[in-house]
*Asks:* 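Here you go, one structure.
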Amino acid sequence: MNSSAPVRVRFAPSPTGHLHVGNARTALFNWLFARQSSGTMVLRIEDTDVDRSEARFEDQLIDDLKWLGLDWDEGPDVGGSFGPYRQSDRLPIYREHAERLLSEHKAYLCFCTEAELQQERERATAERRQPIYSGKCRAVDPAEAQQRRDSGEACAFRLRIPEHPIRFHDIVHGPVEFSNEVVSDPIILRSSGMPVYNYVVVIDDALMKITHVIRGDDHLSNTPKQVALYEALGWPVPEFAHLSTILGADRERLSKRHGATSIANFRDMGVLPEALVNYLALLGWAPPGGTREIFSIQELVKEFSLERVTPSPAVFDMEKLYWLNRHYIKQSSTQRIEHLALNFFRALGLLSSAHTQGLEAWFSKVMALVLPSVDRLEQLPEKAAVIFNHDAKAALTASDNAEVLGLPNTDAVLTRFTVKILEDESAREGKLTAECFKKIVNEVKAETGAKGKELFHPIRIVITGSHSGPEFDKLIPILEEGSHLALPRHVLSVHQRVEAFAKARGK
RNA sequence: GGCGCUAUCGUCUAGGGGUUAGGACGGAAGAUUCUCAAUCUUCAAACCCGGGUUCGAUUCCCGGUAGCGCUACCA
């Protein structure tokens, strides 16, 4: 172990789709560890699975990582002195080292066919034996093997697993030991000449001088093979840190079935990157004392510690993410949030991207009204429906409104209110102020004797279609100003709403 | 099946041989408000089971159970 060497870590995703939250956490922990120890972060693309890998996914991955605020010092896009950083560009390297292992008798040629191996495995399972490779070709004389290879016989390269238990250290799990009895001599180079994952990962990590391998614990059982490989190659074994799996609410491995799982999903929902980073850091890590929850990414760089990472699997809790997101939405500058929020309204055609006079100031008021009630930005248009939508008929027939509409005073309130608004000069022009509105409401109160919810609920039904909702002081100016803006979806003024409601009511 | 990993409130976790087992999310109640949201206050809620070690285990050890992973010429 080269613990004194400068820290070098890597994040090594397969470009098979968008960045998943589990991988994002792995990337984050690698990055935090690198940054806090002034180490080097390497991005390596594991694209040896040609069938599933696509170049465009690599760009997506990079976008997703950058969105989270992560960066790297070496990688396919930025270069570096340990490249190439795409496995598909490293094939000659893998072959070269495989040949070396062969010549040193650390590896041997295996002539067993896939069908034979398959049979052997089936027999072993049937007889309840360990389905590991028999080691049949270990016995083949190297010279004879070479001859058979030269004559064109198909063969794979297998690593010789040592005759002793394999031990390694894991920062999150402590010492780990595997009996050599249970680990097969692994194939490192297929008969097709293509190297196998467990082999290339070792070659790459070693050649890239990776000192700490931080990855998902689904690789824990593969690690003994990899350790054996390091030893066969005569290279130092790195430190390992295997991170627990992230589970869904049903305690199964988090997958698309559980809804949003990719970084892009969260971005599209209007989750802020700092909220996601904070949340991901808290999944499996806690600061000493364990009472602090809010961490900026810079604070995490300071406070994070691999030693404090828990080994047990964690269930992804959307609600807690949303809580953090609400926190960061409040923390953010209104300018930034409004800029992000605008896109959600544009996407639905509620607002256009054209410059509309007075839009910015008006939109700020809309945001001030609805922002406190959302978990994520995508909910904004729905919350702003009270502004953009008005359906008097629906308001009259909604079951939620039945009780209020049936109250003894409601009819009088509605009638007085309607008359006053329709008569009001400023309302007719869509220039009713919050003060004037309040004055009218107070007059209705005095004339009908209705107060509290008897007074406010019917009026709110007229204006918004629902008895509960935002305060009038804030809402009225938004409606009035909105009615003067040139918007794709016209915002009805108070007067227009009252008029429509009166018409629907037929009184 | 074999091997490995894991096990504290519903969830994320702190803690650790003797504690009123701490915090956060969520939940409930209350305050505030015309209502909703926000905010504030309060409350409920956990050491998987069985053995051992020990004066004393939730903590250490062993076993069980459960969950997850690996067991490929997949990554």
Side-chain angles (χ1 to χ4, degrees), chain A residues 12-14 16 46-49 51-53 87 110 112-114 117-118 121 124-133 154-158 170 172-173 176-179 181-184 186-198 200-201 216-225 242 244-245 247 249-253 279 282-294 308 310-324 326 330 369-374 383 386 404 441 450-460 464 466-472:
Chain A
S14 295
T16 54
E46 305 213 326
D47 59 352
T48 46
D49 186 346
D51 295 340
R52 287 191 289 167
S53 299
Q87 288 184 334
C110 177
C112 300
T113 64
E114 277 191 70
L117 294 170
Q118 176 79 20
R121 252 198 311 277
T125 0
E127 292 168 17
R128 306 204 150 191
R129 283 183 294 110
Q130 204 65 236
I132 66 171
Y133 177 59
C155 60
F157 286 46
R158 269 189 202 271
D170 189 293
V172 346
H173 295 272
V176 185
E177 181 180 318
F178 282 81
S179 162
E181 308 278 319
V182 300
V183 2
S184 270
I187 292 208
I188 58 175
L189 215 57
R190 298 182 180 97
S191 48
S192 66
M194 281 298 283
V196 163
Y197 169 80
N198 277 309
V200 303
V201 81
D217 68 359
D218 45 335
H219 291 286
L220 193 56
S221 300
N222 287 327
T223 310
K225 286 178 185 170
H242 285 99
S244 70
T245 317
L247 309 174
D250 54 3
R251 302 213 129 259
E252 279 186 47
R253 206 187 194 152
Y279 180 69
L282 258 21
L283 268 192
W285 173 82
T291 57
R292 189 172 161 201
E293 310 279 338
I294 305 290
R308 291 189 61 82
T310 51
S312 50
V315 172
F316 194 93
D317 181 2
M318 228 34 121
E319 290 302 326
K320 188 153 184 177
L321 202 216
Y322 291 157
W323 168 69
L324 281 164
R326 289 195 295 269
K330 279 179 225 154
L369 188 76
V370 293
L371 212 47
S373 64
V374 298
K383 293 287 177 186
V386 287
V404 173
V441 170
K451 59 180 180 184
K453 44 201 271 192
E454 286 190 321
L455 175 68
F456 283 91
H457 284 198
I459 292 176
R460 186 176 280 104
T464 71
S466 170
H467 58 79
S468 83
E471 297 164 41
F472 289 126

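Any value given below was found using the heavy atoms of this structure, including those in side chains, with hydrogens, waters and symmetry copies removed. So that the names make sense, note that chain A is the first sequence line, chain B the second, and so on, each numbered from 1.
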*Asks:* So what does Cys110(A) touch, heavy atoms closer than 4.0 Å: a base, only the sugar-phosphate, or nothing?
*Replies:* nothing

*Asks:* Which part of the nucleic acid, if any, lies within contact of Glu114(A), taking any heavy atom under 4.0 Å across all strands shown: a base, the sugar-phosphate backbone alone, or nothing?
*Replies:* base

*Asks:* Does the structure show a Watson-Crick or G-U wobble partner for G1(B), both distances under 3.5 Å? Name it, or say none.
*Replies:* U71(B)

*Asks:* If I take atom CG from residue Leu369(A) and atom NZ from residue Lys383(A), how far apart are they, to the nearest 0.5 angstrom?
*Replies:* 11.0 Å

*Asks:* Any strand counts, and the cut-off is 3.5 Å on both contacts for Watson-Crick or G-U wobble. Which nucleotide pairs with A66(B)?
*Replies:* U6(B)

*Asks:* Is there a donor-acceptor pair under 3.5 Å between the side chain of Thr464(A) and the backbone N or O of Val386(A)?
*Replies:*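 A pair under 3.5 Å: no.
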
*Asks:* In the structure shown, which nucleotide is the Watson-Crick or G-U wobble counterpart of A14(B), with both distances under 3.5 Å?
*Replies:* none

*Asks:* Quantified in whole Å, what is the P atom distance between nucleotide C9(B) and nucleotide C49(B)?
*Replies:* 11 Å

*Asks:* Considering only the P atoms, how many Å lie between G27(B) and C68(B), rounded to the nearest integer?
*Replies:* 28 Å

*Asks:* Under 4.0 Å, counting only non-hydrogen atoms across every strand here, what does Asn222(A) touch: a base, just sugar-phosphate, or nothing?
*Replies:*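 Result for Asn222(A) = base.
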
*Asks:* Does C40(B) have a Watson-Crick or wobble partner in any strand here, with both distances under 3.5 angstrom, and which is it?
*Replies:* G30(B)

*Asks:* Paired with A46(B): which nucleotide, if any, by Watson-Crick or G-U wobble criteria at under 3.5 Å for both distances?
*Replies:*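 WC or wobble partner does not exist here.
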
*Asks:* Identify, with sequence neighbours excluded, every residue that meets salt bridge (Lys or Arg N to Asp or Glu O under 4.0 Å) alongside Arg308(A).
*Replies:* none

*Asks:* Which nucleotide, in any strand shown, forms a Watson-Crick or G-U wobble pair with U20(B), with both distances under 3.5 Å?
*Replies:*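 U20(B) is paired with nothing.
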
*Asks:* Can you check the distance between A28(B) and C36(B), where both ends of the measurement are the P atom (answer in whole Å)?
*Replies:*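 Going atom to atom, P in each nucleotide, I get 13 Å.
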
*Asks:* Hey, could you give me the CZ/OG1 distance between Phe316(A) and Thr245(A), rounded to the nearest 0.5 Å?
*Replies:* 14.5 Å

*Asks:* Given G26(B), C68(B), C3(B), which nucleotide is nearest the side-chain atoms of Thr245(A)?
*Replies:*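 Closest nucleotide to the Thr245(A) side chain: C68(B).
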
*Asks:* Ignoring hydrogens and angles, answer whether the base of G69(B) and the side-chain atoms of Ser221(A) contain a donor-acceptor pair closer than 3.5 Å.
*Replies:* yes

*Asks:* By the 4.0 Å heavy-atom rule, please label Ser191(A) as base, sugar-phosphate, or nothing.
*Replies:*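 If one applies the 4.0 Å heavy-atom cut-off, Ser191(A) turns out to touch a base.
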
*Asks:* Just checking Phe178(A): base, sugar-phosphate only, or nothing, at a heavy-atom cut-off of under 4.0 Å?
*Replies:* sugar-phosphate

*Asks:* Nearest nucleotide by nearest heavy atom, which residue falls closer to the 5' end of RNA chain B, Glu293(A) or Glu177(A)?
*Replies:*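 It is Glu177(A) whose nearest nucleotide is closer to the 5' end.
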
*Asks:* To the nearest 0.5 Å, what is the distance between CD1 on Ile459(A) and NE2 on His467(A)?
*Replies:* 15.0 Å

*Asks:* Can you tell me how far P of A75(B) sits from CD1 of Ile187(A), to the nearest Å?
*Replies:* 11 Å

*Asks:* Taking any heavy-atom pair under 4.0 Å as a contact, classify Gly284(A): base, sugar-phosphate, or nothing.
*Replies:*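 Here Gly284(A) touches the backbone only, sparing every base.
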
*Asks:* Let's go through His242(A) and Val176(A) carefully: what are the C-alpha distance in whole Å and the side-chain angles of both, what is the deciding distance for side chain to side chain contact (heavy atoms under 4.5 Å, CB included) to 0.1 Å, and is it a yes or a no?
*Replies:* CA-CA 11 Å; His242(A) 285 99; Val176(A) 185; over 6 Å; no

*Asks:* Working to the nearest 0.5 angstrom, can you tell me the gap between Ile187(A) CD1 and Met194(A) CE?
*Replies:* 14.0 Å

*Asks:* What does nucleotides 27-43 of chain B look like as a protein-contact string, B for base, S for sugar-phosphate only, - for none, at under 4.0 angstrom between heavy atoms?
*Replies:* -------BBBSSS----

*Asks:* Check every strand shown and say whether Leu117(A) touches a base, only sugar-phosphate, or nothing at a heavy-atom separation below 4.0 Å.
*Replies:* base

*Asks:* Which of these nucleotides, U6(B), A14(B), C12(B), is closest to any side-chain atom of Thr310(A)?
*Replies:*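 Among the listed nucleotides, the one closest to the side chain of Thr310(A) is A14(B).
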
*Asks:* Along nucleotides 59-64 of chain B, 5' to 3', which nucleotides get a B, which get an S, and which get a -, given that the test is a protein heavy-atom distance under 4.0 Å?
*Replies:* ------

